[in-house]
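Values reported hereafter were calculated over all heavy atoms of this structure, with side chains retained and with hydrogens, waters and symmetry mates removed.
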Amino acid sequence: METPDGPWAWVVLAAVMLTQGLSLGFPTCIGIFYTDIQSSFQASNTETSWFPSIIMAVLHAGGPLCTIMVERFGCRVTVMVGGLLCGVGMVTSAFSRTIIHLYLSAGLVGGLGLCFCFQAGITVLGYYFIRRRTLANSLASAGASIGMALWPLASQHLLESMGWRGSFMLFGGVLLNCCVCGAIMRPVRTPEPTHEKEALAPEAPNGIEHKVEKTENGKGFQRYMAFDLLFRHRRYQIYAIGVTWMVLGFVLPLFYLVPYATNNDIDEAKAALLLSLIGFLNIFMRPMAGLVSQQKVFHGRLIYLFSVAVILNGLSNLVCAIWVSFPVLLTYCVLYSITMSFIGSLIFQVLMDTVGMKRFPGAFGLFTILESITIMAGPPLAGLLVDITGQYGLVFYASSAAVTSSGVFMGLASFAVDRREAKARRCSQSPTEVTDNKDNGDTVYSPCKQEDVIL
């Protein structure tokens, strides 16, 4: 049995980087095959869009099942099972006779395998790294970015030489390497906790203490799906609703950028290069986003940095929608990638700061389920929009509206909660609040309202 922070931990980190590159990189290249799959099955845009939406939805919604697998069999077995599911799903999909078969094979089976590889790989780093956990997570994230950069280029080359069916069969063999990565993840000794209790809530902006709900460690079903937080924790409500609404449009550019470019007479090779550029820039921007978020000025205020990144990401889609040329699309990819890097670096850190580590597993499980609903709905709705109008550009307008509005909502709602908690804190210290009478300059003392104290 291995020890945390030992030499073998770095071998495991390399395996996790490869796993992240394979499991998170593949969904980003589906847009390369979009037109060929549509032609092969004579399907509408709506029907074709269900394929990537199912993969992404299962990748996120499988979180609670993955948690159960990890607790029952360990990360090693879970990743190996995930690699096997990926291989079987992708090879089977190459023989699909209808698009429904593709949904079930690559979408459901393959998506569940990707979920097991991705989430169990991240989990094992928490056991292997104690002192350098932040560094390990950053390097693992870089692995995913490398995958995002390489998968589209490889996919375009394979599509030209083997077609989408031959490419998917080869992908099945490539994804089986996750089984090898899983085998490297030996059991590790769990270190003794240095503190018996953790704080349930992080420090709030301006030193204001967050209200701590009476939600100790989740038990039973709440251990995996923290519905009590969704109904009782105001900040979790805001964040869960905001991110759920955001992903309705956030993933659409990854699926529709290539069809949008080729539909506007841009060469397929150049269109594939656009997706690779997004992944390539993520390699460098994610660590920089992590460094920026560690600055003291953002301590307790990460939700605002996240909201600004979401708003800018949504607005960047307007660049793509208004002007269509290869230089403009290159500019769009740079803007999208920078903001995407901040979103990807902060999304789980903000959740962790919001609910605390003790409730994070259950909060994360419900969070991914909520995400998967809109992730599954987004691409088919966008496909329906294209079927009705025949214009891919409207997809980017819709994406901009959904993402930008979600960022505005999270920022303003969080600010309102901060203001109310600050007022409640002042009221708890003094039964009266001081206001100035502007008519005669007198000072008037008025009691705090009960709802100002009880949030």
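For the residue pair Gly121 and Met185, the shortest heavy atom distance occurs at CA-CE, 4.5 Å. Scanning all heavy atoms of the two residues, the minimum distance from Ala271 to Ala261 falls at CB-CB, 3.9 Å. Pairing each heavy atom of Leu59 with each of Pro27, the nearest pair is CD2-CG, 4.5 Å.
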Hey, can you pull the donor-acceptor pairs under 3.5 Å for the side chains in residues 236-253, sequence neighbours left out?
| from | atom 1 | to | atom 2 | distance (Å) |
| --- | --- | --- | --- | --- |
| Tyr236 | OH | Ala363 | O | 2.7 |
| Gln237 | NE2 | Leu230 | O | 3.0 |
| Gln237 | NE2 | Phe231 | O | 3.1 |
| Tyr239 | OH | Ile347 | O | 2.5 |
| Thr244 | OG1 | Ala240 | O | 2.6 |
| Trp245 | NE1 | Ala402 | O | 3.2 |
| Trp245 | NE1 | Ser405 | OG | 2.9 |

Show me, pair by pair, the donor-acceptor contacts under 3.5 angstrom made by side chains of residues 385-395, not counting sequence neighbours?
| from | atom 1 | to | atom 2 | distance (Å) |
| --- | --- | --- | --- | --- |
| Asp387 | OD1 | Asn45 | N | 3.1 |
| Asp387 | OD1 | Asn45 | ND2 | 2.9 |
| Asp387 | OD2 | Asn45 | N | 3.3 |
| Asp387 | OD2 | Thr46 | N | 3.0 |
| Asp387 | OD2 | Thr46 | OG1 | 2.8 |
| Thr389 | OG1 | Leu385 | O | 2.7 |
| Thr389 | OG1 | Gln391 | N | 3.3 |
| Tyr392 | OH | Asn45 | OD1 | 3.2 |

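In this structure, the side-chain contact (heavy atoms from CB on, under 4.5 Å) partners of Met162, at least two apart in sequence or on a different chain, are Leu158, Ser167, Leu170. Residues that satisfy the ring pair (Phe, Tyr, Trp, His ring centres under 6.0 Å) test with Phe26, not counting sequence neighbours, are Trp151, Phe171. Taking Phe255 as the reference, nothing meets the ring pair (Phe, Tyr, Trp, His ring centres under 6.0 Å) condition, with sequence neighbours excluded. For Ala154, there are no side-chain contact (heavy atoms from CB on, under 4.5 Å) partners, not counting sequence neighbours. Not a single ring pair (Phe, Tyr, Trp, His ring centres under 6.0 Å) links Tyr103 to another residue, sequence neighbours left out. Partners of Ser414 according to the side chain to side chain donor-acceptor pair (under 3.5 Å) rule, which considers only residues two or more places apart in sequence or in another chain, do not exist here. Evaluation of the side chain to side chain donor-acceptor pair (under 3.5 Å) rule for Thr78 yields no partner, not counting sequence neighbours. For Asn282, the side chain to side chain donor-acceptor pair (under 3.5 Å) partners two or more places apart in sequence, or in a different chain, are Arg286, Ser337, Ser341. Cys181 meets the side-chain contact (heavy atoms from CB on, under 4.5 Å) test with Ala15, Leu18, Thr19; sequence neighbours excluded. For Val334, the side-chain contact (heavy atoms from CB on, under 4.5 Å) partners at least two apart in sequence or on another chain are Leu277, Leu281, Ile338.
Contact of the Thr404 side chain with the Leu318 side chain is not registered, since no non-hydrogen atoms from C-beta on lie closer than 4.5 Å. Residues Phe51 and Ile99 fail the side-chain proximity criterion, which asks for heavy atoms closer than 4.5 Å. Residues Val408 and Ile311 are in side-chain contact: their nearest non-hydrogen atoms beyond the backbone lie under 4.5 Å apart. When side chains are defined from C-beta on, Leu22 does not count as touching Cys117, because their heavy atoms never get closer than 4.5 Å. Here the side chains of Leu159 and Asp36 are in contact, with some heavy-atom distance below 4.5 Å. Looking only at side-chain heavy atoms (C-beta outward), Ser96 and Phe168 stay at 4.5 Å or farther from each other.
For the pair Ser400 (side chain) and Phe396 (backbone), a donor-acceptor distance under 3.5 Å is absent.
Considering Tyr336, Tyr397, Tyr332 in turn, Tyr332 is the only one that fulfils the side chain to side chain donor-acceptor pair (under 3.5 Å) rule with Asn317.
For the atom pair OG (Ser105) and CG (Leu85), the distance works out to 12.5 Å, reported to the nearest 0.5 Å.
Ion pairing between a basic and an acidic side chain is recognised when a charged N comes within 4.0 Å of a carboxylate O; Asp418 and Arg235 show such pairing.
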Working for ring pair (Phe, Tyr, Trp, His ring centres under 6.0 Å), residues Tyr256 and Tyr34: CA-CA 8 Å; Tyr256 283 96; Tyr34 185 94; 5.6 Å; yes
